[in-house]
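Step one of this worksheet: look at the structure below.
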Amino acid sequence: TIFINERQLNVPGQRDARAAVVEQWLDAGFEVGNHAYSHKSASNVPVDEFTDDVVKGEVITRALLEQRGQQLLWLRYPYLHSGATAEAHQAIVDFLEKRKYRHAPVTVDYADYTFAGAYTRELRRGNIEVAERIKEAYLDQVDVGFNYAERYSMELYGREIAQILLIHCNELNSVSLRDSIARIRKRGYTFISLEEAMRDEAYARPDTFAGPGGSWLSRTATVMGKKPTPETIAARPVVPKWITDLPNQP
């Protein structure tokens with residue numbers, strides 16, 4: 001499922017061509033969902049401002065789906081933020097229910113965007129060897145991220161659940177996706193639809209307030225009053241310091 005910020009489609013002189021890419025995704029069998037128009041954090045802006053961004057973010061994609069007899073169903077919170085307070089969170093949940101959205105949670109997130117930004121900057125600088133080193137570190141991070149989610153799942157549910165991976169459209173994933181998918185398959189995974197994954201009982205609890213953001217696993221732990229063990233905390237994916245220490249100017 002590809003979650004779209006429609007501001008990325010509304011580029012002067014490119015709107016039709018960018019919308020045509022979304023049509024190609026739909027024709028290829030991918031689902032598309034709403035990620036709000038401009039990626040505003042529901043925990044950092046008033047509820048009305050966030051919900052307006054949701055509505056603004058569905059104009060093109062909803063029309064394309066309806067042309068194909070499909071409905072816009074999924075919304076993913078930008079930054080995984082769902083409101084700074086219990087009242088704000090519930091107001092957003094109520095709004096999404098009225099517009100017939102389903103919240104799309106995340107359980108596996110190994111900060112691909114941090115690796116991707118560093119990778120692209122080093123390529124632009126002509127530092128090919130450094131960029132390749134970042135790519136290899138990123139592929140290693142795939143296993144780290146899944147290992148953490150699997151450990152956390154066992155602590156919370158006593159079993160491994162249907163995991164939901166978050167990655168982004170970026171240059172690094174465009175050159176490494178085949179390799180990362182191979183690593184995921186090597187861990188024993190197959191790929192299913194978001195709808196199928198959400199049938200797992202791990203996602204049956206209501207989307208109640210559990211702090212301003214975080215993965216479904218961390219939110220569930222909060223709701224259950226469970227803290228991860230020191231071993232699981234130690235397994236949490238962390239971007240290597242040598243990457244975060246690289247200059248971040250373009």
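Just so you know, residue 1 is the first one in the sequence shown, and it goes up from there. None of these values were measured; they are calculated from a predicted model.
The closest donor-acceptor contact from the side chain of Tyr37 to the backbone of Val59 lies at 3.5 Å or more, if one exists at all. Listed for the Asn127 side chain is no donor-acceptor partner under 3.5 Å among the backbone atoms of Val130. Although no hydrogens or angles enter the test, the distance criterion places no donor-acceptor pair under 3.5 Å between the side chain of Asp112 and the main chain of Ile167. Although no hydrogens or angles enter the test, the distance criterion places a donor-acceptor pair under 3.5 Å between the side chain of Ser180 and the main chain of Leu177. Checking side-chain atoms of Glu155 against main-chain N and O of Thr229 turns up a donor-acceptor pair under 3.5 Å. Panel note: side chain Thr232, backbone Pro228; no donor-acceptor pair is recorded below 3.5 Å. The main-chain N or O of Asn10 is never found under 3.5 Å from a side-chain atom of Arg18 such that the two would form a donor-acceptor pair. Judged by distance alone, the side chain of Trp216 and the main-chain N or O of Ala202 form a donor-acceptor pair under 3.5 Å.
Using a 4.0 Å cut-off between a side-chain N of Lys or Arg and a carboxylate O of Asp or Glu, Asp53 and Arg7 do not qualify as a salt bridge. Ion pairing of Lys40 with Glu49 is present here, as a side-chain N (NZ or NE/NH1/NH2) and a carboxylate O approach within less than 4.0 Å. Salt-bridge annotation for Arg133 and Glu122: absent, with no side-chain N of the basic residue lying under 4.0 Å from a carboxylate O of the acidic one. Residues Glu23 and Arg68 are paired through a salt bridge, judged by an N-O separation under 4.0 Å between the basic side chain and the carboxylate.
A 4.5 Å side-chain heavy-atom check between Ser38 and Asn5 finds every atom pair outside the cut-off. In this structure, the side chains of Val108 and Leu166 stay at 4.5 Å or more apart for every pair of heavy atoms. Between Leu26 and Leu64 there is a side-chain heavy-atom pair separated by less than 4.5 Å. Annotation: side chain of Arg125 is in contact with side chain of Pro247 (closest heavy-atom distance under 4.5 Å). Contact check for Leu96 versus Val93: no side-chain heavy atoms found under the 4.5 Å cut-off. At least one side-chain heavy atom of Met198 sits under 4.5 Å from a side-chain heavy atom of Arg102. For the pair Tyr152 and Tyr157, the minimum side-chain heavy-atom distance is 4.5 Å or more.
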Next item on the list: Check the pair Leu217 / Ile161 against side-chain contact (heavy atoms from CB on, under 4.5 Å), numbers first and verdict last.
Entry: CA-CA 10 Å; Leu217 296 176; Ile161 66 172; 4.1 Å; yes

Checklist line | Derivation and outcome, side chain to side chain donor-acceptor pair (under 3.5 Å), residues Ser193 and Glu31 | finding: CA-CA 9 Å; Ser193 69; Glu31 286 189 289; 5.5 Å; no

Next item on the list: Any chance you could lay out the side-chain contact (heavy atoms from CB on, under 4.5 Å) test for Arg205 and Val223, step after step, and finish with the verdict?
Entry: CA-CA 10 Å; Arg205 73 167 180 82; Val223 170; 4.0 Å; yes

Notebook entry, point to check: Would Leu172 and Lys135 satisfy side-chain contact (heavy atoms from CB on, under 4.5 Å), going step by step from the backbone distance to the final call?
Noted result: CA-CA 7 Å; Leu172 176 57; Lys135 176 185 170 185; 4.0 Å; yes

Next item on the list: Just do the side-chain contact (heavy atoms from CB on, under 4.5 Å) check on Tyr110 and Val142 with the steps written out, would you?
Entry: CA-CA 7 Å; Tyr110 36 79; Val142 172; 3.7 Å; yes

Notebook entry, point to check: Please walk me through it: do Asp143 and Lys186 pass salt bridge (charged side-chain N to carboxylate O under 4.0 Å, His left out)?
Noted result: CA-CA 10 Å; Asp143 284 309; Lys186 189 175 180 180; over 6 Å; no

Notebook entry, point to check: For Tyr101 and Phe95, what are the C-alpha separation, side-chain angles and deciding distance, and is it a ring-ring contact (aromatic ring centres under 6.0 Å, His included)?
Noted result: CA-CA 9 Å; Tyr101 276 110; Phe95 164 83; 7.4 Å; no

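Contact between Leu9 and Ala19 at its shortest, heavy atoms only, is CD2-N, 4.5 Å. Closest non-hydrogen pair, Glu6 versus Glu58, comes out as OE2-C, 3.4 Å. Of all non-hydrogen atoms in His89 and Thr208, the two that sit nearest each other are NE2-C, 3.4 Å. Closest non-hydrogen pair, Pro237 versus Asp109, comes out as CG-O, 4.1 Å. Taking both residues in full, the closest heavy atoms of Phe209 and Ala86 are given as CG-CA, 3.6 Å, listed atom of the first, atom of the second, then distance. When all heavy atoms are compared, the tightest approach of Ala36 to Pro78 is CB-CG, 3.9 Å.
In this structure, Arg76 is positioned above the aromatic face of Phe3, its NZ or CZ under 6.0 Å from the six-membered ring centre and within 45° of the axis.
Note on Met224: it clusters hydrophobically with Tyr148, by side-chain heavy-atom contacts below 4.5 Å among ILVMFWY residues. Under the 4.5 Å side-chain heavy-atom criterion for Ile, Leu, Val, Met, Phe, Trp and Tyr, Tyr138 and Val175 are members of the same hydrophobic cluster. Cluster annotation: Ile134 and Ile128 are assigned to the same hydrophobic cluster (Ile/Leu/Val/Met/Phe/Trp/Tyr, side-chain heavy-atom contacts under 4.5 Å, transitive). In this structure, Phe30 is a member of the same hydrophobic cluster as Ile4, with clusters built from ILVMFWY side-chain heavy atoms closer than 4.5 Å. Hydrophobic clustering of Ile, Leu, Val, Met, Phe, Trp and Tyr side chains at less than 4.5 Å, counting indirect connections, unites Phe115 with Leu123.
A donor-acceptor contact under 3.5 angstrom links the side chains of Arg219 and Ser82, judged on distance only. No side-chain N or O of Ser153 forms a donor-acceptor pair with one of Arg159 less than 3.5 Å apart.
Summarising the local packing, CD of Glu196 is surrounded by more than 12 heavy atoms from other residues, nucleotides or ligands at distances under 6.0 Å. Crowding of Gln70 atom CD: a count of heavy atoms from other residues, nucleotides or ligands under 6.0 Å exceeding 12. Within a 6.0 Å radius of CD in Gln14, more than 12 heavy atoms belonging to other residues, nucleotides or ligands are found.
Taking CD from Glu150 and OG1 from Thr107, the interatomic distance works out to 9.5 Å, rounded to the nearest 0.5 Å. Taking CD1 of Ile184 as the start and CZ of Phe191 as the end, the distance is 4.5 Å to the nearest 0.5 Å. Note: Glu195 CD to Leu73 CG = 7.0 Å, rounded to the nearest 0.5 Å. Note that CD1 of Ile233 and CZ of Arg151 are 11.0 Å apart. Values are rounded to the nearest 0.5 Å. A distance of 10.5 Å separates CG in Leu246 from NZ in Lys241, rounded to the nearest 0.5 Å. Leu65 CG to Leu72 CG: the interatomic distance, rounded to the nearest 0.5 Å, is 6.0 Å.
Ring orientation note: the planes of His168 and Tyr113 are nearly perpendicular, at an angle over 60° on the 30°/60° scale. Ring orientation note: the planes of Tyr79 and His39 are nearly perpendicular, at an angle over 60° on the 30°/60° scale.
With sequence neighbours excluded, no residue forms a salt bridge (Lys or Arg N to Asp or Glu O under 4.0 Å) with Glu132.
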